[in-house]
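Input: a single structure, listed below in structure tokens.
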Amino acid sequence: MKLFIDSGNLKDIEALCAIGIIDGVTTNPTLLAKEPGDYKENLKKICAIVQGPVSGEVISTEFDGMMREGHDIAALDEHMVVKLPLTRNGIKACKALSDEGIRVNVTLVFSAAQALLAAKAGATFVSPFVGRLDDIGQNGMELIREIVQMYDNYAFTTEVLVASCRNPIHVVDAAKMGANICTCPPALIDQLFNHPLTTSGLERFLKDWEKAYPSAK
Ligand code: G3P
């Protein structure tokens with residue numbers, strides 16, 4: 001399973017990419033609006049850092065505007081992916097841009113039926129928001145299971161990008177279900193590293209070593 005960072009923060013992206021386990025980045029208008037500087041320049045910098053797919057979202061809700069913005073976003077860098085909302089216009093623009101060879105990530109997906117439309121429109125990625133479904137008392141990960149099964153039935157090539165991940169259980173369940181990608185905020189990626197037994201175990205190893213070889217430090 002690929003791991004993406006869900007952030008527009010250059011420092012966080014740089015620090016995590018330096019570890020060598022990051023495959024891409026997703027942004028949205030909320031995330032980019034938090035960052036200083038020109039958002040297009042920031043997206044270009046993110047592409048240079050990650051050297052993998054970077055999603056940038058359109059703001060327009062009209063087909064013509066989505067196409068115009070989609071072309072602008074795609075022209076920023078070869079790694080850019082155009083993020084479009086799951087609306088009628090979004091699906092129409094997804095089909096048109098995908099037919100031109102531009103990669104599209106269909107976002108704000110909350111049902112299996114919507115995910116089916118995104119695949120039929122040639123989306124490269126589909127982004128179901130699991131955390132926001134959990135927030136309203138629906139099981140977000142159940143939706144991932146449905147989409148993975150549905151895409152497998154017909155060999156759709158659209159990759160399932162699990163978005164709105166809130167905790168390590170979302171990530172592990174996504175991997176168990178065979179989702180292609182999980183996008184996580186930096187704080188969640190930090191959580192994936194942590195286990196109290198790793199911390200206490202390492203402390204003990206180092207203490208025992210220091211006792212035996214006091215000069216080695
Ligand atoms: O980028 C889309 C998604 O990951 C947003 O997550 O936490 O705002 O629901 P969240």
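In this text the structure is predicted, and so the values were computed from the model without any measurement. One-based numbering, in listed order, for ligands and for the atoms of each.
The shortest N or O to N or O distance between T27 and ligand 1 is not under 3.5 Å. Polar contact check, R166 against ligand 1: a nitrogen or oxygen pair lies under 3.5 Å apart.
Set against the non-hydrogen atoms of A163, the atoms of ligand 1 under 4.0 Å away are 4 (O).
Side chains of D12 and S7: a donor-acceptor N/O pair is absent below 3.5 angstrom, by distance only.
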Stepwise salt bridge (Lys or Arg N to Asp or Glu O under 4.0 Å) check, E210 with K207: CA-CA 5 Å; E210 208 187 319; K207 215 181 265 171; over 6 Å; no

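Among all protein heavy atoms, the one lying closest to atom 4 (O) of ligand 1 is D6 OD2, 2.5 Å. Looking from atom 6 (O) of ligand 1 to the surrounding protein, the closest heavy atom is S164 CA, 3.4 Å. The single protein non-hydrogen atom nearest to atom 8 (O) of ligand 1 is R132 NH2, 2.8 Å, given as residue, atom name and distance. The shortest contact between atom 2 (C) of ligand 1 and any protein heavy atom is with F129 CZ, 3.3 Å.
The closest approach between a heavy atom of T26 and any atom of ligand 1 is not below 4.0 Å.
Looking only at distances, a side-chain donor or acceptor of E69 sits under 3.5 Å from a matching main-chain atom of I59. In this structure, T158 contributes its side chain and A123 its backbone to a donor-acceptor pair below 3.5 Å. In this structure a side-chain-to-backbone donor-acceptor pair under 3.5 Å is missing from D77 to K44. Counting only distance, with no hydrogens or angles, the side chain of D134 and the backbone of G140 share a donor-acceptor pair below 3.5 Å.
Contact annotation for K83 and ligand 1: only side-chain heavy atoms (C-beta onward) come within less than 4.0 Å of the ligand.
Residue pairs meeting the salt bridge (Lys or Arg N to Asp or Glu O under 4.0 Å) criterion with at least one member in residues 87-99, sequence neighbours excluded, are K95-D99.
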